[in-house]
Asks: 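The structure is given below, and queries will be raised subsequently.
Numbers restart at 1 for each chain; the letters A, B, ... are given by sequence-line order, proteins then strands. No experiment lies behind these values; they were computed from the predicted model shown.
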Protein chains: 2
Amino acid sequence: MGIGNVSERRLAPPQVGVSVVILALGEDSTGRSRLWLPLVRRVRQPFLGAWALPGGGLTANRSLEQSAYAALESTTTLHPRYLEQLYTFGDLGRSHGGLPMVSIVYWALVGTAEAKDFVEADNVRWFPENDLPELAFDHKAIIDYALWRLRTRIAYPDVAARLVGETFTLSQLHDVVEAVTGEPVDLANFRRRILASGELEDTGVKQRVGNHRPAAVYRYVAAASTSWNPYDWLKADEGRTDGEHPDTTGTIPGPDPPPASVDDDPMSALAR
Amino acid sequence: MGIGNVSERRLAPPQVGVSVVILALGEDSTGRSRLWLPLVRRVRQPFLGAWALPGGGLTANRSLEQSAYAALESTTTLHPRYLEQLYTFGDLGRSHGGLPMVSIVYWALVGTAEAKDFVEADNVRWFPENDLPELAFDHKAIIDYALWRLRTRIAYPDVAARLVGETFTLSQLHDVVEAVTGEPVDLANFRRRILASGELEDTGVKQRVGNHRPAAVYRYVAAASTSWNPYDWLKADEGRTDGEHPDTTGTIPGPDPPPASVDDDPMSALAR
DNA sequence: TCAAAAGTGTTCAGCATACACCCATGT
DNA sequence: ACATGGGTGTATGCTGAACACTTTTGA
């Protein structure tokens with residue numbers, strides 16, 4: 001049924017890679033706040049010379065997340081404040097008629113790049129989200145999806161906070177949210193909602209930007225388990241005395257379940 | 001740094017597979033409504049004889065989602081009403097010191113199996129969620145994660161509706177939600193909230209279960225874009241006249257962007 | 001004292017909760 | 001008539017939206 005003969009098949013094991021959509025705030029030529037992201041220029045066919053998401057193949061002794069970090073470090077020295085698995089792409093349109101080409105895509109938020117701490121090499125350049133070049137593969141679609149995820153999550157304090165610096169005023173945070181959504185947000189209500197989340201801590205420092213009242217400077221402090229990462233979730237689960245679901249009301253401690261993460265061999269998991 | 005010599009490395013290309021957590025409603029021995037899921041018995045080392053999630057390797061001309069459907073069909077002839085990518089697992093604990101073992105996991109909801117339409121072969125068996133056998137690899141943790149996802153989403157009408165049959169009464173839907181969460185839910189408010197979503201359609205049929213007033217029978221009708229699947233999302237995006245983000249207000253149609261999904265070569269995406 | 005941004009108060013609408021109540025049906 | 005589950009009404013409280021208002025600062 002498959003296209004390609006046996007020798008081709010042998011030469012083409014599953015093509016699996018990790019890519020990262022890295023997002024940071026910056027200003028466009030008019031001074032308006034925009035999302036920027038680094039792209040790398042391809043030095044091989046196909047799409048030679050086109051721009052693409054940073055990424056790489058899987059390597060030994062490196063988890064998927066570590067591979068994502070490696071891709072991050074290849075394009076920026078900014079410390080990522082947020083890294084989350086986005087989606088794994090593997091539809092038929094990406095393959096060459098053989099095994100599917102699989103891209104495990106992460107998205108990352110890095111702090112505002114006021115220091116322009118960019119690796120502006122020949123083959124790496126930052127682009128504003130609204131003025132992207134022609135992109136290789138389906139990377140344009142992947143970026144659009146990552147931007148959509150950001151826009152649907154920007155209302156959460158942790159996401160917004162990680163797009164600005166270590167510390168920030170509520171006005172700065174508010175500006176970020178408005179820049180990302182493109183919609184005006186009532187500052188008074190924003191302030192109350194964010195503070196009510198309990199995820200911001202007043203540093204006691206005041207900061208002035210103009211000839212007017214100085215603003216309180218806040219710091220983000222992680223709330224209990226807002227993570228969507230299953231590993232974080234599993235880790236929390238392991239802390240319990242039994243293997244039951246957090247929502248169940250069972251309280252009788254049982255023997256410890258086996259370690260959650262052990263070896264796997266998914267290729268042979270299906271008994272036939 | 002890596003363990004294993006070159007020949008081992010050559011014999012072990014990236015191990016990538018697709019697994020599925022398939023969930024259906026059934027009753028336990030006491031008649032209580034429970035979630036059941038099918039497992040397959042391993043016929044190979046490691047974990048020979050242990051139970052594991054249905055799954056398989058990637059094959060030519062089959063997308064990830066199609067591989068998930070294939071795994072589904074190997075254990076049940078029930079038609080899946082819901083199939084969504086859950087997460088891609090690939091931490092170091094799953095590998096044997098070499099390339100990471102990657103499992104792209106989907107979760108599926110199938111209708112209540114009143115017909116016991118189970119493939120109860122020797123190597124396939126359904127288990128209630130609260131009485132699972134010893135599981136291979138980290139599959140117990142993956143199942144726990146899928147159950148958590150279900151419990152956090154069960155409040156949405158589409159998820160609950162897809163756990164019951166094609167048509168159902170509001171009481172039946174309500175029972176499902178209570179069975180999954182384990183919490184009592186006020187029926188009157190549940191009814192209003194669900195109907196207010198506009199995702200249920202009255203079939204006009206009435207159904208009686210006891211010696212009392214018959215209940216209205218409803219059918220689920222998909223609302224506009226509640227999908228978390230990026231491909232659904234991208235498809236909607238392609239319907240637009242330009243390549244801009246749905247939230248932007250730009251209205252000037254430009255030339256059609258190139259097709260969103262084309263070939264990919266993630267292994268060489270990183271230019272060095 | 002004025003402008004400008006920081007920060008607070010107040011009203012209103014919507015929606016979920018809790019729970020009392022009425023309705024339809026077979027025995 | 002009555003038991004049983006289907007279905008509705010209603011008071012209460014919380015939360016976000018809208019927007020008027022007060023406070024703090026430098027010039």
Side-chain angles (χ1 to χ4, degrees), chain A residues 31 33 151-161 164-165 167-219 223 226, chain B residues 31-33 151-157 159-161 164-165 167-219 223 226:
Chain A
S33 206
R151 289 186 171 113
T152 59
R153 301 243 170 126
I154 193 66
Y156 297 101
D158 64 323
V159 174
V164 296
T167 60
F168 46 85
T169 68
L170 289 183
S171 289
Q172 287 169 350
L173 202 62
H174 174 252
D175 289 348
V176 166
V177 172
E178 287 199 334
V180 168
T181 62
E183 303 270 307
V185 175
D186 186 285
L187 177 58
N189 297 323
F190 174 80
R191 155 189 302 278
R192 263 184 298 251
R193 188 172 60 77
I194 293 292
L195 290 179
S197 77
E199 293 175 37
L200 293 197
E201 181 184 72
D202 193 333
T203 61
V205 178
K206 301 284 177 190
Q207 180 178 318
R208 252 192 322 105
V209 279
N211 311 338
H212 43 268
R213 179 171 177 177
V217 174
Y218 291 86
R219 172 189 298 112
T226 43
Chain B
R32 196 170 163 329
S33 207
R151 290 188 171 110
T152 59
R153 302 240 172 129
I154 193 66
Y156 297 101
V159 174
V164 296
T167 60
F168 46 85
T169 68
L170 289 183
S171 288
Q172 287 170 349
L173 202 62
H174 173 252
D175 289 348
V176 166
V177 172
E178 286 200 334
V180 169
T181 61
E183 303 270 309
V185 175
D186 186 286
L187 178 57
N189 298 323
F190 174 80
R191 156 188 300 280
R192 263 184 297 251
R193 186 172 60 78
I194 292 293
L195 290 179
S197 78
E199 294 175 37
L200 294 197
E201 182 184 72
D202 192 334
T203 62
V205 179
K206 301 286 176 187
Q207 179 179 320
R208 251 190 324 102
V209 280
N211 310 337
H212 43 267
R213 178 171 177 176
V217 174
Y218 291 86
R219 173 190 299 113
T226 43

Asks: How does each nucleotide of nucleotides 13-21 of chain D score, in 5' to 3' order, for protein heavy atoms under 4.0 Å: base (B), sugar-phosphate only (S), or none (-)?
Replies: ----BBB--
Asks: Over all heavy atoms of both residues, which pair between B:Asp186 and B:His174 is shortest? Give the atoms and the distance, please.
Replies: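 In this case the closest contact between B:Asp186 and B:His174 is C-NE2, 4.3 Å.
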Asks: Donor-acceptor check, side chain of B:Thr203 to backbone of B:Val217, threshold 3.5 angstrom: yes or no?
Replies: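 Indeed, once roles are kept as given, a pair shorter than 3.5 Å links the two residues.
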Asks: Of A:Gln172 and B:Ala196, whose closest DNA chain C nucleotide lies nearer the 5' terminus?
Replies: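 On the 5' side of the pair lies A:Gln172.
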Asks: Counting just side-chain N and O atoms, does A:Ser171 come under 4.0 Å of either OP1 or OP2 of C:dA6?
Replies: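 So the side-chain polar atoms of A:Ser171 do come within 4.0 Å of the phosphate oxygens OP1 or OP2 of C:dA6, strictly under.
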Asks: B:Tyr218 vs B:Val164, test: side-chain contact (heavy atoms from CB on, under 4.5 Å). Steps then yes/no.
Replies: CA-CA 11 Å; B:Tyr218 291 86; B:Val164 296; over 6 Å; no
Asks: Quick one: B:Phe168 CZ to D:dG6 P, roughly how many Å, whole number?
Replies: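 Those two atoms, CZ and P, are 15 Å apart.
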Asks: Using whole Å, report how far CG of B:Leu173 lies from P of D:dG7.
Replies: 13 Å
Asks: Nearest-Å distance, CG (A:Leu187) to P (C:dT8)?
Replies: 11 Å
Asks: Round to the nearest Å and state the distance from A:Asn211 atom CG to C:dA5 atom C1'.
Replies: 10 Å
Asks: C:dT25, C:dG7, D:dG7: which one has an atom nearest the side-chain heavy atoms of B:Pro214?
Replies: C:dT25
Asks: So do A:Leu173 and A:Ile194 actually touch side chain to side chain, heavy atoms under 4.5 Å?
Replies: yes
Asks: B:Gln172 versus B:Asp175: any side-chain heavy-atom pair under 4.5 Å?
Replies: no
Asks: Provide, to the nearest angstrom, the distance between the CG atom belonging to A:Leu195 and the P atom belonging to C:dA6.
Replies: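 Distance check: A:Leu195 CG to C:dA6 P gives 13 Å.
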Asks: Would you indicate whether the side-chain heavy atoms of B:Val209 and B:Thr169 approach each other to under 4.5 Å?
Replies: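 A side-chain contact under 4.5 Å is absent here.
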Asks: Looking for any heavy atom pair under 4.0 Å, which part of the strands does B:Arg191 touch: base, sugar-phosphate only, or nothing?
Replies: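 Touches a base.
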Asks: Minimum heavy-atom separation for B:Val177 to B:Phe190, with atom names?
Replies: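 Answer, listing the atom of B:Val177 first, then B:Phe190: CG2-CE1, 3.8 Å.
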Asks: Please report the distance, rounded to the nearest Å, between CZ in B:Arg213 and P in C:dT25.
Replies: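 The distance from CZ of B:Arg213 to P of C:dT25 comes to 7 Å, rounded to the nearest Å.
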Asks: Specify the separation, in whole Å, of atom CD of A:Glu178 and atom P of C:dA5.
Replies: 13 Å
Asks: What integer distance in Å separates B:His212:NE2 from C:dT25:C1'?
Replies: 9 Å
